[in-house]
Peer 1: 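Structure provided below as structure tokens; questions to follow.
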Amino acid sequence: MTTPPATIRKQVLSAIQPTGNLHLGRYFGAIQNWVNLQHQYDAVYGIVDYHAMTMPFDPKGLRDQVWNLAFDLIAVGVEPDNMFIQSLIPEHTELAWIFNCLSSYGEVSRMTQFKDKSQQINDKDKDAFISTGLFTYPVLQAADILIYRADYVPVGKDQEQHLELSRNIAQRFNQVVGQDYFVLPECLFTEVPKVMSTADPTKKMSASLGPKHHINVFSDAEVIRKQIKSAVTDSGDTPTGQVSQGVENLFSLVKAAGGHPELASFREQAMDGTLQYGKLKGAVADVIIEMTNPFREKRIAIVEDKKAYQERVAASSEVVRKKAQKTIAEVKDLIGLMNVKM
Ligand code: TRP
């Protein structure tokens, strides 16, 4: 595919919260796609630390989490010059306030992610602290997106409702100011492999499930091999002709990591009940280790030179900020607020 000239390139924006490490679920489900989209679009990717404050967080660890995730992303191929750190661009929160006043309590209350997350917190502890930030989080997300006039937002299905809210806010703003100022952003869904936990293949791989459930992209080869060795396959009750969820998940991992010459025969053997799980697991570990080897090496090199990378991401945030500053100045002007003279 030829790269379209920069002038007609569409704006892509996505963001990730600096919570937990980069595991295979996050890599295959989102970040690998981010890396590919960089060639075709004008892409910016944020590490959203203001969002990370919506759940209980540790002020002493937050900055390290941001940098560690930045190194992770760069190591797997995200261009540091396409990245920004949200708190280096305070205009996001400024726009979020304006959007708070342009979204209704009712529509924000319908966001299912808030309902799920607050329920989870409540289930663990009835008196737990649920922040107002968690409630208005989708409004900040709308600001992240609209401030760059993004055309496309690569996200998972779970974010569809938040994108709809972003469009509603954009439309309401346009209506209030009587001008088609904001672009209405659209989700960019790409077919991505869904990776389940290796310890419980009925659940999506996620850091919050605990260490046994996710495989860190940067773990040593031996650690990865051991984790795959202990992956759940089946409990012996899978009828002939069918493949258990655990084995299916191992197949997905192999496919996502680029395939294996024996994959088709593994599947046949799984169907007729003759598959040796040890052999399958060896193959899974091989392909994953091969795929992640260059990432591990790159990350070590990045950390050795981390100051330079931190400066690059900070500089890139400065460049990205210019666009946010332009938007916020225009927005304040249109909506009747004062602009600070600079
Ligand atoms: N809400 C997203 C998530 O939980 C993260 C996010 C914040 C985001 N701001 C965004 C995603 C803007 C896309 C665009 O995964």
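First listed ligand is number 1; within each ligand, the first listed atom is number 1. No hydrogens, no waters, no symmetry mates; every other heavy atom, side chains included, goes into these values.
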Peer 1: Once you round to the nearest 0.5 Å, how far does OG1 of T233 lie from CG of L250?
Peer 2: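 One gets 7.5 Å once the value is rounded to the nearest 0.5 Å.
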Peer 1: Starting from atom 9 (N) of ligand 1, locate the nearest protein heavy atom and write down its residue, its atom name and how far away it is, to 0.1 Å.
Peer 2: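 For atom 9 (N) of ligand 1, the nearest protein heavy atom is D144 OD2, 2.7 Å.
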Peer 1: List the atom of V232, the atom of A199, and the distance in Å for their closest heavy-atom pair.
Peer 2: CG2-O, 3.1 Å
Peer 1: Between H162 and ligand 1, is there a nitrogen or oxygen pair with a distance under 3.5 Å?
Peer 2: no
Peer 1: Below 4.0 Å, non-hydrogen atoms only: which portion of V153 touches ligand 1? Side chain, backbone, both or neither.
Peer 2: side chain
Peer 1: Quick check with a 6.0 Å cut-off and a 45 degree axis cone: is R172 positioned over the face of F182's six-membered ring?
Peer 2: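 Not flagged: R172 not positioned over aromatic ring of F182.
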Peer 1: Between I16 and ligand 1, find which residue part has any heavy-atom pair under 4.0 Å and reply side chain, backbone, both or neither.
Peer 2: neither
Peer 1: Taking everything shown except K204 itself, do over 12 heavy atoms lie less than 6.0 Å from its NZ?
Peer 2: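 No, NZ of K204 has 12 or fewer neighbouring heavy atoms, counting only those of other groups under 6.0 Å.
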Peer 1: State yes or no: are the ring centers of Y148 and H92 separated by less than 6.0 Å?
Peer 2: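 Yes, the ring centres sit under 6.0 Å apart.
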Peer 1: Tell me, which protein residue and heavy-atom name are nearest atom 15 (O) of ligand 1, and how many Å apart are they?
Peer 2: Q159 NE2, 3.8 Å
Peer 1: Rounded to the nearest 0.5 Å, how far does CZ of R225 lie from OG of S219?
Peer 2: 13.5 Å
Peer 1: Look only at the side chain of K332 and the backbone of L337, and say whether a donor-acceptor pair between them is shorter than 3.5 Å.
Peer 2: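 Not a single qualifying donor-acceptor pair exists.
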Peer 1: Considering non-hydrogen atoms of the protein only, which is the closest contact for atom 1 (N) of ligand 1, and what is the distance?
Peer 2: Y137 OH, 2.7 Å
Peer 1: I need the atoms of ligand 1 closer than 4.0 Å to a non-hydrogen atom of I145, numbered in the order shown.
Peer 2: 12 (C), 14 (C)
Peer 1: Below a 4.0 angstrom heavy-atom separation, can you tell me which part of V155, side chain or backbone, both or neither, approaches ligand 1?
Peer 2: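 Just the side chain.
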Peer 1: Please state which option from A15, P185, S14 has its nearest heavy atom closest to atom 6 (C) of ligand 1.
Peer 2: A15
Peer 1: Just jot down the ligand 1 atoms closer than 4.0 angstrom to any heavy atom of L13, in number order.
Peer 2: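 It comes down to these atoms of ligand 1: 12 (C), 14 (C).
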